[in-house]
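For ligands, and for the atoms within them, numbers begin at 1 and follow the listed sequence.
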Amino acid sequence: HTPELTPVDSLPECAIAVDVLRATTTMATALAAGGEAVQVFSDIDLLKKESSAWEKEKRLLIGERGGAKLPGFDLGNSPLECTPERVEGKRIFISTTNGTRALQRIEKAKVVLAAAMVNRATVVQYLLDKQPETVWLVGSGWEGSFSLEDTVCAGAIAHGVIQKSKIRADEVAGNDELISAIALYCQWQDNLLELFHHASHGKRLLRMEGYDDLKYCSDMDTLDVLPIQHEVGVLKLNS
Ligand code: MLT
């Protein structure tokens, strides 16, 4: 689903937000680098208000709109900036154009996860272990529209589950979007970075000298972390 196409009258057992470029990649990276938690906001003023209750040394503000860092924030949304020196032990307050909105759309599901290419294998393993009855993969897209990078990541997750559970592709009970996401992944799995060059947000980031981010975000299965929602809007590592 893109957020706008996500049903509003029901919720799945497990909802997975996907914003490969770059919010969920950044969240996974920040938690892998020792961040205490990631707290998600669509409203910038609310983020500023809530974060001000935290000691300065214990908080880090990540803010992005249109791919650029927001004034007054510590970092833009580049996962490469989330080094252990910067994030260790800190509560990360984050607001981005689309990714945080996707997470808020699904925040009431029983289980809420954040997935990207970097932690795909860990998400696949979680789904195999827990076998949730219904799973939504919610790509953030860009301001409501389809995005190649989120769709291919959804396909990569579904493909991983199918392969490891040895079910046949035609036995998958997915909607048309999922079937096409799997096909997209099968077509591009060895050339993800190239696919990201075709993506509209990939092009936007490249115009902003984001090549290193694109490369990092397209590398699959590099982080063994699972950001999972502990209370509404707050993600921590699954323990
Ligand atoms: C978003 O939430 O729209 C993205 O993560 C944008 C970005 O690349 O920073």
*Provide the closest heavy-atom pair for Ser147 versus Gly141 in the form atom of the first, atom of the second, distance.*
CB-CA, 3.7 Å
*Hey, is Glu57 close enough to Lys90 for a salt bridge, meaning N to O under 4.0 Å?*
no
_Mode of Arg22 contact toward ligand 1 - side chain, backbone, both, neither (heavy atoms, under 4.0 Å)_ = both
*Under 4.0 Å from ligand 1, counting heavy atoms only, is it the side chain of Arg101, its backbone, both or neither?*
neither
*Number the atoms of ligand 1 from 1 as they appear, then name those within less than 4.0 Å of a heavy atom of Gly99, with their elements.*
1 (C), 2 (O), 3 (O)
*Steps toward salt bridge (Lys or Arg N to Asp or Glu O under 4.0 Å) verdict (Asp45, Lys49)*: CA-CA 6 Å; Asp45 292 333; Lys49 187 161 165 261; over 6 Å; no
_Closest contact, heavy atoms only, Leu184 versus Leu148_ = CD2-O, 3.8 Å
*Given Glu13 and Lys130, is the salt bridge (Lys or Arg N to Asp or Glu O under 4.0 Å) satisfied, shown in steps?*
CA-CA 11 Å; Glu13 189 178 335; Lys130 303 285 179 192; over 6 Å; no
*What residue and heavy atom of the protein are closest to atom 6 (C) of ligand 1, and at what distance?*
Glu64 OE2, 3.2 Å
*Please name the pair of heavy atoms, one in Pro71 and one in Lys48, separated by the smallest distance, quoted to 0.1 Å.*
O-NZ, 4.2 Å
*Sole residue of Thr96, Thr26, Thr25, Thr100 in side chain to side chain donor-acceptor pair (under 3.5 Å) with Asn77*: Thr26
*Which bit of Asp19 is near ligand 1, meaning a heavy atom under 4.0 Å away: side chain, backbone, both or neither?*
side chain
*May I ask you to list the atoms of ligand 1 that are less than 4.0 angstrom from any heavy atom of His201?*
6 (C), 7 (C), 8 (O)
*Report the member of Thr96, Ile62, Asn77 with the shortest heavy-atom distance to atom 5 (O) of ligand 1.*
Asn77
*Short N/O distance, under 3.5 Å, between Gly67 and ligand 1?*
no
_Would you say Ser95 and Glu64 are linked by a side-chain donor-acceptor pair, where the criterion is simply a distance under 3.5 Å?_
no
_ligand 1 N/O within reach of Asn98 N/O, cut-off under 3.5 Å_ = yes
*asked:* Considering both backbone and side-chain atoms of Leu205, is one of its nitrogen or oxygen atoms within less than 3.5 Å of a nitrogen or oxygen in ligand 1?
replied: no
*Should Trp142 be counted as touching ligand 1, given the test is an N or O pair under 3.5 Å?*
no
